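Heavy atoms only: backbone and side chains are in, while hydrogens, waters and symmetry mates are out. Numbers restart at 1 for each chain; the letters A, B, ... are given by sequence-line order, proteins then strands. No experiment lies behind these values; they were computed from the predicted model shown.
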2 protein chains.
Amino acid sequence: MASPSSPAPVSSAPARYRRADVVDRAIDLLEEVGLEGLSMRRLAGDLGVRPSALYHHVASKQELLGAVADEMLERGRRATEVLGWQDELRLACVELRDTMLRHRDGAAVLATARAQGVGGTDPVTRMAAVLAFNGADPELARVGAQTLFHFVFGHVADRQAAGVAGEPGDADFAVGLAIVLRGLETRVGTHGDDRSS
Amino acid sequence: MASPSSPAPVSSAPARYRRADVVDRAIDLLEEVGLEGLSMRRLAGDLGVRPSALYHHVASKQELLGAVADEMLERGRRATEVLGWQDELRLACVELRDTMLRHRDGAAVLATARAQGVGGTDPVTRMAAVLAFNGADPELARVGAQTLFHFVFGHVADRQAAGVAGEPGDADFAVGLAIVLRGLETRVGTHGDDRSS
DNA sequence: ACCTGAACACCGTTCAAGT
DNA sequence: ACCTGAACACCGTTCAAGT
């Protein structure tokens, strides 16, 4: 209808993003299509940009997934309460489980990022610190925290790989967690009770 | 040098395989290139066959990986000894860990197959049976076996994703496993000792 | 700084056709 | 029965070039 030639004034400039925008969009896309569907090309398409443009913000898909994992952990963080060590570890495991469950394929994303050593916010380190603070020797603190992490990861990964998203199965998680904590109890300190206050 | 025309007698017939050949080759290829490098096209190339020929033996890559997992479990199976339930479960977990460690990315292969319900030889079912046989109620047997599996899977997956292939770290596995078994001990039966013989 | 355009070396899967 | 040939709709990544 209008003149077909020349001007085409503003707004034909390409979109412009920062790294955080890319990471946020990747998380949204993960929710839509899952880890398997989350491709660099699809993400670029979602942002209205060419695939090659993404490599200005992240070095590789692997690095992007690491950043996604860190952001998930950040968003899921809750205030640290000072409790008996068992309750403190239980809460840390529940927080971790909730963070994994909150995002599609969350367990797989967090575990692969951790295995590649991408995350700065390693939850295992936090749990090991709680054990060490409560009289476990460094070795036991390390292995105990790992064992808890492996349980949580295995539990959620199993459910998510089976396509079960929901929270029921909560009971199984609580029982499994109690089993591991009970096994820990006979090793850390002499007993697991706190007499403070 | 020879006459360029016609005959070219025998042996130009295409290769011919059975499903088991394809699965065996897939396991070999997995060892060479890992789960990430294991593609249908690469496998076809290894067999000297076109990619489309594979779909005569398996319905999809997913089904192939399920068959690979089953074969791994089969190869790793050891004789069942009758022992106290703790030793029996410990042995089952060690067997599972060894099977996972024996193959590159073995933990990931076995876990994804299990989650999709492909395997007929489910090790979790076996462990649950041991617990049920020893006085655990069905619920505890199920959750206890799952907890053990999640620990084993998480432990090996962690190591393999980090690119650590070797067996050392054995000590961590033994300690973690002892923690879980100890936690189980206070729940199954009243005590965990056998007075038979 | 952040983007486009074009290319390279790949994927899983389907389907008609050959023997 | 098991294979080829050809196609469809994709991948991650690199690199020169634009603004």
Side-chain angles (χ1 to χ4, degrees), chain A residues 6-27 29-30 32-69 105 108-109 112-113 116 118 161, chain B residues 6-27 29-30 32-69 105 108-109 112-113 116 118 161:
Chain A
S6 34
V10 271
S11 92
S12 67
R16 249 148 195 274
Y17 297 106
R18 294 190 287 33
R19 184 185 159 104
D21 300 323
V22 173
V23 173
D24 286 354
R25 275 277 203 172
I27 292 180
L29 186 54
L30 182 67
E32 279 175 50
V33 298
L35 188 54
E36 196 171 284
L38 176 52
S39 71
M40 296 298 269
R41 298 182 98 105
R42 170 89 199 246
L43 176 57
D46 257 42
L47 289 162
V49 121
R50 290 283 134 115
S52 52
L54 296 179
Y55 291 86
H56 218 270
H57 299 103
V58 293
S60 64
K61 186 181 182 180
Q62 193 179 160
E63 193 196 286
L64 172 66
L65 287 177
V68 163
D105 295 326
V109 171
T112 64
Q116 292 160 186
V118 200
Chain B
S6 35
V10 268
S11 92
S12 68
R16 249 146 196 277
Y17 298 105
R18 293 188 290 30
R19 183 184 159 103
D21 301 323
V22 173
V23 172
D24 286 354
R25 276 277 200 168
I27 292 180
L29 186 53
L30 182 67
E32 278 175 51
V33 298
L35 187 54
E36 195 172 283
L38 176 52
S39 71
M40 297 296 271
R41 298 182 97 106
R42 169 89 198 244
L43 177 58
D46 258 42
L47 290 163
V49 121
R50 292 282 136 114
S52 53
L54 296 180
Y55 292 86
H56 219 269
H57 300 102
V58 294
S60 64
K61 186 181 183 180
Q62 194 180 162
E63 193 197 285
L64 172 66
L65 287 177
V68 163
D105 294 327
V109 171
T112 63
Q116 292 160 185
V118 199

(Q) Quick check: on DNA chain D, is the nucleotide nearest Leu54(B) upstream (toward 5') of the one nearest Ala59(A), or the reverse? Name the residue that is more 5'. (A) Leu54(B)
Q | Paired and unpaired positions of DNA chain D as dot-bracket, Watson-Crick or G-U wobble under 3.5 Å, | denoting a partner strand | A | ||.|||||...|||||.||
Q.
Measuring from atom CG of Leu65(B) to atom CG of Leu38(B), what distance do you get when rounded to the nearest 0.5 angstrom?
A. 6.0 Å
Q) So what does Ser60(A) hit on the nucleic acid, given a heavy-atom distance under 4.0 Å: a base, only sugar-phosphate, or nothing? A) sugar-phosphate
Q. Quantified in whole Å, what is the P atom distance between nucleotide dC10(D) and nucleotide dA9(C)?
A. 22 Å
(Q) If you compare every side-chain N and O of His57(A) against the phosphate oxygens of dC3(C) (OP1, OP2), does one of them come in below 4.0 Å? (A) yes
Q) Roughly how far apart are Arg41(B) CZ and Lys61(B) NZ, rounded to 0.5 Å? A) 12.0 Å
Q. What are the two closest heavy atoms between Ala26(B) and Val68(B), and how far apart are they?
A. CB-CG2, 3.8 Å
Q. What about Ser52(B): does its side chain form a donor-acceptor pair under 3.5 Å with the base of dG5(D)?
A. yes
Q) OP1 or OP2 of dG5(D) less than 4.0 angstrom from a side-chain nitrogen or oxygen of Arg50(B), does that happen here? A) yes
Q.
In whole Å, I'd like the distance from the CG atom of Leu64(B) to the C1' atom of dC11(C).
A. 15 Å
Q. At their closest point, which heavy atom of Ser60(A) faces which heavy atom of Met40(A), and how far apart are they?
A. C-CE, 4.4 Å
Q. In whole angstroms, how far is the P atom of dA9(D) from the CD atom of Glu36(A)?
A. 19 Å
Q. Taking all atoms of both residues into account, what is the closest heavy-atom pair of Val58(B) and Glu63(B), and its distance?
A. CA-OE2, 3.7 Å
Q: Give the rounded distance in Å between these two atoms: CZ of Arg41(B) and C1' of dC8(D).
A: 11 Å
**Q.** Out of dC3(D), dG12(D), dT4(C), whichever nucleotide has its closest atom nearest the side chain of Ser39(A)
**A.** dG12(D)
**Q.** Atom pair CG (Leu29(B)) and CG (Leu35(B)), whose distance is rounded to the nearest 0.5 Å
**A.** 10.5 Å
Q: Could you work out which one of dT4(C), dT14(C), dG12(D) sits closest to the side chain of Tyr55(B)?
A: dT14(C)
Q: Grab the CG-C1' distance between Leu47(B) and dT4(D) for me, whole Å please.
A: 15 Å
Q.
Which nucleotide wins on minimum distance to the side chain of Lys61(B), given the candidates dG12(D), dT13(C), dT4(D)?
A. dT13(C)
Q) Roughly how far, to the nearest 0.5 Å, is NE2 of His56(B) from CZ of Arg16(B)? A) 9.0 Å
Q) Of Arg16(A) and Leu38(A), whose closest DNA chain D nucleotide lies nearer the 5' terminus? A) Leu38(A)
Q. Taking the C1' atom of each, how far is dC11(D) from dA7(C), in whole Å?
A. 14 Å
Q.
What is the distance, to the nearest angstrom, from the CG atom on Leu43(B) to the P atom on dC11(C)?
A. 11 Å
Q: Whole angstrom is fine here: how far is it from CZ in Arg19(B) over to P in dA1(D)?
A: 16 Å
Q | Residue pair Gly66(A) / Ala113(A): nearest heavy atoms and the distance that separates them | A | CA-CB, 4.1 Å
**Q.** Glu63(B) CD to dT14(C) C1', straight-line distance once rounded to whole Å
**A.** 16 Å
Q: Write down the distance between CG (Leu65(A)) and P (dC11(D)), rounded to a whole number of angstrom.
A: 14 Å
Q) Between His56(A) and dT4(C), is there a side-chain N or O to OP1/OP2 distance below 4.0 Å? A) no
